[in-house]
Amino acid sequence: MIALHLPARSDADAPFVTRLAAARSADEAESFCLSSASGRSLWCGMHGLFELDHAREELIGDILLVDPGAGRAERLIRAGSRHNSLLVTEQCDQLCLMCSQPPKKAHHDRFAHFEAACRLAASGSVIGLTGGEPTLHLEPLLAMLERLLGDRPDLAFHILSNGQHFDAENVARLTGRLRTNIVWGIPLYAADALLHDRIVGKPGAFERLTESLAHLLTAGARIELRTVLLRDNLGTLGGLARFVALYLSHIEQWSLMGLENIGFARRRWDDLHIDLRTEFAPVAAALDQASLHGIPARLFNIPLCHIPPAFRSFAVASISDWKQRFAPACGRCAARSDCAGFFEWHPDHLVEEVVPL
Amino acid sequence: MEGGLEAAARPERTDVRQLGADTSIRARPCGDTTLLVDRAGRFIRGEPALAARIAEGALTEADAAWLRARGLLPGSELERLAFTYARERRRAAPGPLDYLILVPTLRCNLACSYCQVSRAAEGAKGFDWSDATLDAVRTRVAALTAPAIKIEFQGGEPTLRTDLIAAVIDAVPRTVEARFVICTNLQRLDDDILALFDRDDVAISTSLDGPLALHARQRQGDTPAAERFHANLRLLLARYGPGKISALPTINPHAPPDVDALIDSFARLGFDSIYLRPINYQGFARKRHPASRDAGADWRAYHAAFVRRLIARNWADRDKLLEESYFSLLLRRIFRPGEDRHVDLRNPNPVGRDYIVIDHDGRAYPTDEARMLTRSGVIDLAIGDVHHGWDTPARAALEAAATNDGDPACEACAYQPFCGRDLIDDIARYGRIDGPRGDTDFCRRHLHLFDLAFELIHSPDPAVQYSLRRWLGLAGETGALVAP
């Protein structure tokens, strides 16, 4: 695992955002390294000196939020990673059966830091915004995006949202760069309203989601539809595929995702998890329905050797670098570099179940 | 009864009988059932009585629920928007010019009986691009803005002027991803020609009419020439494999080759995709094959037999997948809104926008068929020239009519969302574009093709479903394409 939070020491009065540079520069937003030895590095910038419990090399170019009070630094945007995402809030108004990041009541507003970090991001960066449910704070979120994309039209955002809060008014703000440079990752688990509502733990969620999807379609917003494969919805995937083909053919991608053994899914694993090595047929039928109607579908978080050969081209090496794991036997697999592998927290006994290709 | 205007102005959709009057679902018999298709191209088979109730605007509550569950009766806001989106996505919206057909010379070293272009003799003068025309072509090519383009060299025999081909290739901007196709009769190969063919961005297209004897009969009856062609084709196949080369048969519908013999002659060479074309009612073909004007029924029967034979062969030998490429295109258009890059089958069919033909004399035509028709002296369909462009009244006049919208026959047709409009074909056959659409060869041919497609789509035969799935590029080999 790549560490995202580093123990840090700083005498600054308040948390600050800075980009770590190899050498001193005129850029006030940058800090440069004074020394680095035995897993520690000392940095200097506008907010004084600070020390990180991490060697210098892997940190160059990273954008950090240094929190002196908490004694830690958060690597908000790591240089060269395609998987940077910012946690907008831990609040959520759904309670999904398999939630990987169970919601919390309190909200700590960090938009100012996120905005500062995004302004320092490399040209052309794609930055994820996640939660919790980011659109619970839609007003400050959109305001931040309007300012950022006004100044940095090269940036793009991928925002995970449950689609419970879009209306005609807020969607009207998704114009210009806010339309072209944002992809909304929105989950839909079933075409059957009651089943979807049960999976997301919120009565009426499906109805509200389809309302939001209509508003987003009107706005021409870019949408990645996401469906986690569960014991509960496996049998109804065909109906969902038909629903997507009929009513959501404008989406950019339909992502079918393997279950993550974390959060709520951890204690419900045996009830929720599907062994795709033996139960791929409904997924295959759904992928074929999608292809038939020209819907670009992809498979996420599933190792290639668990997928029948004809369907491997749908798989994406999707698991973020900082939480990716392989089995020892994967070492001799020819397809490893194209493979999602497993989540770091995948059940140990299941990680071994691989067939090197 | 209320007037149409009043009914349209009232957005409430509570009365299901009124819903029925408003659905714009069109019907077409399909076996014992009726195919119901909405204007977004979503379809379902239903009882003929249901089709009648739709036509009368007399849907029952149960009918409405049944149709809505199958996507043919939008209810919610999302469903209505999705319908509109899918319907509009089926309308061709041309991007920037990205497909050029260039004719650097009209001269040819063959004189085939069905030659569609009134070719010029190999030694004739004045049938190649002038220096000024070449300069103008290069200027246009250098100004292309599309990210990816395709340039097809036609003739005449374009390999008589490899220097002109190379000069065009050289003019493509570095930022543009270009693919080139050289359409050749393969009578002659030399180092210059092979040097062009060797390029990774060059593909080769040729005519292969089937077995050698037939090929010779249709090509000036010259067996040595046909043998030369076959030897060169085999040489290129050995050098590049079949992926770089495409071969097209031209079929005389009144004396077509045996289906299996034709398929074999392609499959043996490694060609899996066969674009079955009837002799075009163009050029020399107008004089030497007068019956080709109404090739209709024979052609349709031959085509259906051909497709059914492909299905049987694909099922018998799963290692080899054969297809008729136009039929595959039709299948894709049925299921996938937005599949409209084929310029003979889209609606509307924009003229001189994303696609242009530049002749040996620098004149610009909307299609190769328009060029042939002009060369045959039937009608001048040039829309401009390479020097001054083609944003002309002639282009506008053609474009205004290049649609199946508003035609009474097309508006009543269930297949309209999938179909297109080929003005030039109507002009070639009938000398007019305003005749009853249902009487045109284009319409009859496509009715046949869509009837066949929908029959096969709903076929319970696993062999049929297998081929259809493969033609549509689906990963899975089994299962029905649509709910029964």
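Just so we're clear, the structure is a prediction, and the values are computed from it rather than from any experiment. We use all heavy atoms of the structure for the numbers below, so side chains are in, but hydrogens, waters and symmetry mates are not. Residue numbers start from 1 in every chain, and the chains themselves are labelled A, B, ... in the order their sequence lines are given, proteins ahead of strands.
- Looking at residues two or more places apart in sequence or on another chain, you find a side chain to side chain contact (heavy atoms under 4.5 Å, CB included) between B:A146 and B:P96, B:D98, B:I149.
- No more than 12 heavy-atom neighbours from other residues, nucleotides or ligands sit within 6.0 angstrom of NZ on B:K150.
- Atom CG of residue A:L216 and atom CG of residue B:L81 lie 11.0 Å apart, to the nearest 0.5 angstrom.
- Residue B:L331: no heavy atom, backbone or side chain, is found under 4.5 Å from chain A.
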Quick one: donor-acceptor pairs between chain B and chain A, under 3.5 Å, side chains and backbone, table format.
residue, atom, partner, partner atom, Å
B:R42, NH1, A:L246, O, 2.9
B:F335, O, A:H293, ND1, 3.3
B:R336, NE, A:S291, O, 3.0
B:R336, NE, A:L292, O, 3.0
B:R336, NH2, A:S291, O, 3.1
B:R469, NH1, A:D288, OD2, 2.8
B:A475, N, A:D288, OD1, 3.2
B:G476, N, A:D288, OD1, 3.2
B:G476, N, A:D288, OD2, 3.2
B:L481, O, A:Q289, NE2, 3.4

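- Ranked by non-hydrogen atom pairs under 4.5 Å with chain A, the options B:A475, B:A40, B:G338 are led by B:A475.
- In this structure, the portions of A:L292 lying under 4.5 Å from any heavy atom of chain B include both its backbone and its side chain.
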